There are 2 protein chains.
Amino acid sequence: MSKTTVSRALNGYPEVNDKTRQRVLEAAREAGYEANPMARSLAVGRSNVLGIIYPLLPADLGDSMFLDVVGGMSEALEAARMNLIIAPVSQANELPSYEQMVRGKRVDGLVVSRTMVHDERIAYLCKAGFPFVAHGRTRLDTPYAWFDYDNESGIRLALGRLLSLGHQRIGLLSAPLQMNFACQRKESFLAMMAEAGLRADPRWMIGDTIDRRSGYQAMQQLLECTDRPTAVVVDNHLSGVGAVRALMDAGIEIGKEMSVIVWGSVADTLVGLDVTTIDQPDARRAGARMSQMLLSLIEGAPAESLQELWQPVLLAGATAGSCPH
Amino acid sequence: MSKTTVSRALNGYPEVNDKTRQRVLEAAREAGYEANPMARSLAVGRSNVLGIIYPLLPADLGDSMFLDVVGGMSEALEAARMNLIIAPVSQANELPSYEQMVRGKRVDGLVVSRTMVHDERIAYLCKAGFPFVAHGRTRLDTPYAWFDYDNESGIRLALGRLLSLGHQRIGLLSAPLQMNFACQRKESFLAMMAEAGLRADPRWMIGDTIDRRSGYQAMQQLLECTDRPTAVVVDNHLSGVGAVRALMDAGIEIGKEMSVIVWGSVADTLVGLDVTTIDQPDARRAGARMSQMLLSLIEGAPAESLQELWQPVLLAGATAGSCPH
DNA sequence: TTGAAAGCGCTAACAG
DNA sequence: CTGTTAGCGCTTTCAA
């Protein structure tokens, strides 16, 4: 029996005789044989592997949201007989790693996480014509495939809640504004404050709060303002944890003296504290969806048909209360 | 100029003329050429990739220790012009993924994390003769390469401290005992208690505490004992966080009414609380060392020469105090 | 010091 | 339905 027939039998081509196929499958199983994926990729020009290049910042990989998304992706891909790999690289090596991945064709497509407003990785992938899905949007002229939660509507949910509770002096803790989500959330914040006829005091808007420590310090800084805000929106969960901790440590009654709404789940860290939250539901499904999108893209679907915006929701908790007088 | 010469020039073979080499390198750089790693691997039988197969349990990938180790590995490997990939798989697919990796030869070696007392993954790799380094030990007759921190001495440090503070009623919260570290730590605990002539009350030894929730509940359970212990050792940091939280919520004065020593760093979670800790220092260096070990193994070094035991240290904090009367 | 040819393990086009 | 032939892009003998 020839290589060819074996190959066809194993790859489920329709033209092989059922009895032959059975024999081949049986023999393969007994011998524990499995096609060498390298040789296959070389021949067929496809690796059946999707990748994520991930600079190892503990703050991110430790992010349970990211983990859920990746979990959803890998699960969906297992079903599609594809593999997912994460390439952890040093931050300095991020762009070079993209180039290497693309030139080396070790993966058929990439997911780009943590998008920047101006993102050189995405610019490169576009230029190279390499399939990718951006997890988060970016500023770009050419159409590209992306998956994101609606930053604007999320902020509107949060701010709407605070306004309806009577708050007028509202602060914002932002992640670095080069990050697209932080930028969009801040812009939405400013827009909605303006619509409400309120002034967004610059002293109440603190940037670069991306982890617990910086969130903690930012909240301390707000507390020291002579006329401090009565409510604060935090645009990411890690600094949200820090901010809430700062309030606890300062003996502030959260939800009374100061209200807080955090974007992202903090439940597993702040046990027993019911934080009002903007939540991105269905993280695993989101991951599954992104892998489907990437597969479609590889199959040749146009990028402009692969743009998906999911809606965040407000989970009411105890940390957003009426404005004190 | 032939393929052959180009290949030799790029791979730094000594026999090529210096001028030729310069020309080739120049041309390659201009064209942005880089050898196709698939084809290379196929020809040479080596992929220059090392891997970690990782079932996505948030509790683990979120572990900052693991992140540091992986960071150290990838950094060291970048220097050695090797690549590291993490393959996140569903737990059910863990062993099949090992088989696939081995048969597929997509990686030259593997690091096996979270070793079990009886570990089928390691048994399989041994049987298959595939190069691997175990991150943590296991029960096995044949020699294998491993890297671990000394579980016994760590427990001795913790227990020694508590004994010298006068404690006699000491509890232990353990991760599932199939996990090698949990098993060794518990055995050391029992041995040292026996040496000290103390009884290890079964009601004070609670198992399967591997995350915050279970750690929290276990500590609650201890608190409900009619004659509860005066000190507790927790063998992993996640349940350590839960356990400490339980004490805080119960209004127990930690370090006075109840002492706690946790194995693993909890500083980034329990901000502002100075927990007495058994620490595994130099996580990044440990990662670097493990990748070196794996590389040596691939080069043909004997596994029995690649076994490394590092010493944990006790970081004195405020949660271990004298035994109350 | 360079080149020609064989082959790594597979798939795909083309005959039979 | 099955086999033969020709590559995929590289490295590596072996000759020149």
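Fair warning: this is a prediction, and the values are worked out from it, not measured in the lab. Quick note: numbers below take in every heavy atom, side chains included, and nothing from hydrogens, waters or symmetry partners. Chain letters run A, B, ... following the sequence lines, proteins first and then strands; every chain starts at 1.
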S.K.: To 10°, what angle do the rotation axes through the five end pairs on each side of the helix from C:dT1-D:dA16 to C:dG16-D:dC1 form?
M.R.: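 Between the axes fitted at each end of the helix from C:dT1-D:dA16 to C:dG16-D:dC1 lies an angle of 40°.
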
S.K.: Does any donor atom in the side chain of B:S2 or B:T5 lie under 3.5 Å from an acceptor atom in the other side chain?
M.R.: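 Yes, a side-chain donor-acceptor pair sits under 3.5 Å.
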
S.K.: B:T5 near the nucleic acid: base, sugar-phosphate alone, or nothing, with a heavy-atom cut-off under 4.0 Å?
M.R.: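 Result for B:T5 = sugar-phosphate.
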
S.K.: Could you tell me whether the side chain of A:D211 reaches within less than 4.5 Å of the side chain of A:N236, counting heavy atoms only?
M.R.: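 Not in contact.
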
S.K.: Counting only heavy atoms not in B:E34, do more than 12 fall under 6.0 Å of its CD?
M.R.: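 Enclosed.
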
S.K.: Counting only non-hydrogen atoms, which of residues 13-38 of chain A are less than 4.0 Å from DNA chain C?
M.R.: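 Contacts with DNA chain C under 4.0 Å: A:Y13, A:Y33, A:A35, A:N36.
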
S.K.: Can you check whether B:S90 reaches A:E78 side chain to side chain, under 4.5 Å on heavy atoms?
M.R.: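 Yes - at least one pair of side-chain heavy atoms lies under 4.5 Å apart.
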
S.K.: Hey, does the side-chain of B:T4 have a donor or acceptor N/O within less than 3.5 Å of a partner on the base of C:dA4?
M.R.: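 Under the 3.5 Å cut-off, the side chain and the base do form a donor-acceptor pair.
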
S.K.: Separation of B:R103 atom CZ from C:dC10 atom C1', in whole Å?
M.R.: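 B:R103 atom CZ is separated from C:dC10 atom C1' by 17 Å.
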
S.K.: Can you check whether A:Y98's main-chain N or O pairs, donor with acceptor, with A:R103's side chain at less than 3.5 Å?
M.R.: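 No, because the side chain of A:R103 does not come within donor-acceptor range (under 3.5 Å) of the backbone of A:Y98.
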
S.K.: Answer yes or no: is there a donor N or O on one side and an acceptor on the other, between the side chain of A:N93 and the main chain of A:P96, under 3.5 Å?
M.R.: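 Not confirmed, A:N93 side chain does not pair with A:P96 backbone.
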
S.K.: Kindly say whether B:Y13 contributes a backbone atom to a donor-acceptor pair with the side chain of B:R21 at under 3.5 angstrom?
M.R.: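 Present.
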
S.K.: Between B:D148 and B:Q184, is any pair of side-chain heavy atoms under 4.5 Å apart?
M.R.: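 Of all side-chain heavy-atom pairs linking B:Q184 with B:D148, at least one is under 4.5 Å.
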
S.K.: Nearest whole Å is fine: how far is C:dA4 C1' from B:M1 CE?
M.R.: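 Going from CE in B:M1 over to C1' in C:dA4 covers 16 Å.
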
S.K.: Counting only heavy atoms not in B:Q91, do more than 12 fall under 6.0 Å of its CD?
M.R.: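 No - once you tally the heavy atoms of other residues, nucleotides and ligands closer than 6.0 Å, there are 12 at most.
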
S.K.: In this structure, is the centre-to-centre distance between the rings of B:F66 and B:Y54 below 6.0 Å?
M.R.: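 Distance test on ring centres: under 6.0 Å, yes.
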
S.K.: Before giving the answer on side-chain contact (heavy atoms from CB on, under 4.5 Å), spell out for A:L309 and A:Y149 the whole-Å C-alpha distance, their side-chain angles and the decisive distance to 0.1 Å.
M.R.: CA-CA 5 Å; A:L309 193 62; A:Y149 282 90; 5.9 Å; no

S.K.: Anything under 4.0 Å to a heavy atom of chain A counts; send over the first and last such nucleotide of DNA chain D, read 5' to 3'.
M.R.: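 Taking any atom under 4.0 Å from a heavy atom of chain A, the span is D:dC1 to D:dG9.
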
S.K.: Without decimals, in angstroms, what is the distance between A:L42 CG and C:dG9 P?
M.R.: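 For the pair A:L42 CG and C:dG9 P, the rounded distance is 12 Å.
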
